[in-house]
Q: 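Structure incoming, see below.
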Amino acid sequence: MVRDYSQFMPNVKPPAPTPLAALGWQTHFAMQVTPEALSQAPPIRVTRVDRVEVHVTDGETTWTLPPIADVAVGDWVLPTQPPTILDRKSLLKRRAAGHERSVQLIAANIDTVFVVTSCNADFNVARLERFLALTFDAGADPVIVLTKADQSDPAPYLAQAQGLSKEVACVAVNAKDSAAAEAFAPWCRPGCTVAFLGTSGVGKSTLLNALLGEDLAATGTIREDDARGRHTTTRRELHVTPGGFAVLDTPGMRELQLTDVAAGISEVFSDITDLAGACKFNDCAHEAEPGCAVRAAIAAGQIDPARLERWRKLAAEDAFNSADLAERRRKDKAFGKTVKQALRSKRR
Ligand SMILES: Nc1nc2c(ncn2[C@@H]2O[C@H](COP(=O)(O)OP(=O)(O)OP(=O)(O)O)[C@@H](O)[C@H]2O)c(=O)[nH]1
Ligand SMILES: [Zn+2]
């Protein structure tokens, strides 16, 4: 005889996350605030940054604040006077377009970045490595997503993507399929924040809609000024899903210049950087030096020479942009000093 004991079993269904938890409030942030401060001024999260205002939410209502210096979408903020930006768990940044040489913050506090490309001509290994370096350096986990798997055989694309890093998971999907969201379940747990990065037309908004279970992405378009002052229609907005996690959709990014992400580059190319430690000379350029472990691995067919070239190119670009950035910061500081001195002598 089979007895049903279920009525005596404890109810193991986990409680629904609080609005704050569904918004991505995690231990990392909670540890920065005392319980008293929390109850007096609950934290809020930045869902969108425009030129004239910052959109924030507490998980239940949404409102706007005046601009906050150096704030990024995804930031957690304490509504103090002036607002306090909590220490970030991760920060995605790139070199701003145009002649500005400055750093542009893409998003803060993202747990997983879905690097999206398609099983077609958009697929580009060098660009993927670029996105992976940016994500690793930010302190987030990248996952490569190959869309349009219904339009051509995803197998060769998957094989190439999987060859880029042992630490990066790869999935192939038809973004238009109603089951597409299931492929993301391992990373879209309650309380997490995920983001989509990729060039235009790869299916980021289609995937966002799949995760939201509704057509929101199309309404998320906002107008921003690009570096040249032209109006472009872009979007960069954080959405909370019915599943209790947050998703950031970003505009298509073709030109993605890296700056200050040397650690991220080393992580993507760990096959090469690990080997470099075995080269005879510490400063081996892996060109003509004797005892070069990297060239030995190439000769043995363990590393693709094209990959070494891509690593060189990316590392050189990053080094150049970082030096440029350091120079700019030095000049800004010097200029600040001159202004202060001028003001002081004027007051005298
Ligand atoms: N067949 C098929 N079509 C797809 C897939 N993913 C996206 N599309 C189509 O590709 C087009 C572009 O998709 P979007 O979701 O707008 O691309 P996006 O990355 O958001 O593009 P931007 O908004 O320019 O950044 C749309 O017509 C989609 O319906 C896919 O997996 N399979
Ligand atoms: Zn070497």
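Atoms within a ligand are numbered from 1 in the order they appear, just like the ligands themselves. Small disclaimer: the values here were computed from a predicted structure and weren't measured.
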Q: What distance do Phe29 atom CZ and Asp75 atom CG have between them, rounded to the nearest 0.5 Å?
A: 8.5 Å
Q: Could you tell me if Asp122 and Thr199 have a donor-acceptor pair between their side chains, going purely by distance under 3.5 Å?
A: yes
Q: Return yes if a side-chain donor-acceptor contact under 3.5 Å exists between Asn321 and Gln257, otherwise no.
A: yes
Q: Write out the protein residues near ligand 1, meaning a non-hydrogen atom under 4.0 Å from one of its atoms, in order of chain and number.
A: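 Lining ligand 1 at under 4.0 Å, by heavy atoms, one finds Thr147, Lys148, Asp150, Gln151, Val173, Asn174, Ala175, Lys176, Thr199, Ser200, Gly201, Val202, Gly203, Lys204, Ser205, Thr206, Arg235, Gly252.
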Q: Quick one: name the protein N/O/S atoms under 2.8 Å from the Zn ion (ligand 2), chain by chain.
A: Cys279 SG, Cys284 SG, His286 ND1, Cys292 SG
Q: Please list, chain by chain and in numerical order, all residues satisfying side-chain contact (heavy atoms from CB on, under 4.5 Å) with Glu182, sequence neighbours excluded.
A: Ala179
Q: State whether Arg295 and Glu287 are salt-bridged, where the test is any N-O pair (Lys NZ or Arg NE/NH1/NH2 against Asp/Glu carboxylate O) under 4.0 Å.
A: no
Q: For the backbone of Val52 and the side chain of Asp50, can you confirm whether one donor and one acceptor N or O come within less than 3.5 Å of each other?
A: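 No, Asp50 side chain to Val52 backbone: no donor-acceptor pair under 3.5 Å.
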Q: Taking only residues two or more places apart in sequence or in another chain, which ones pass side-chain contact (heavy atoms from CB on, under 4.5 Å) with Thr80?
A: Leu78, Thr84
Q: When the ring centroid of Trp76 is compared with that of His28, is the distance short of 6.0 Å?
A: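 Centroid distance Trp76-His28: not below 6.0 Å, so no.
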Q: Which atom names give the shortest non-hydrogen contact between Ala169 and Trp187, and what distance separates them?
A: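 Taking every non-hydrogen atom into account, CB-CZ2, 3.6 Å.
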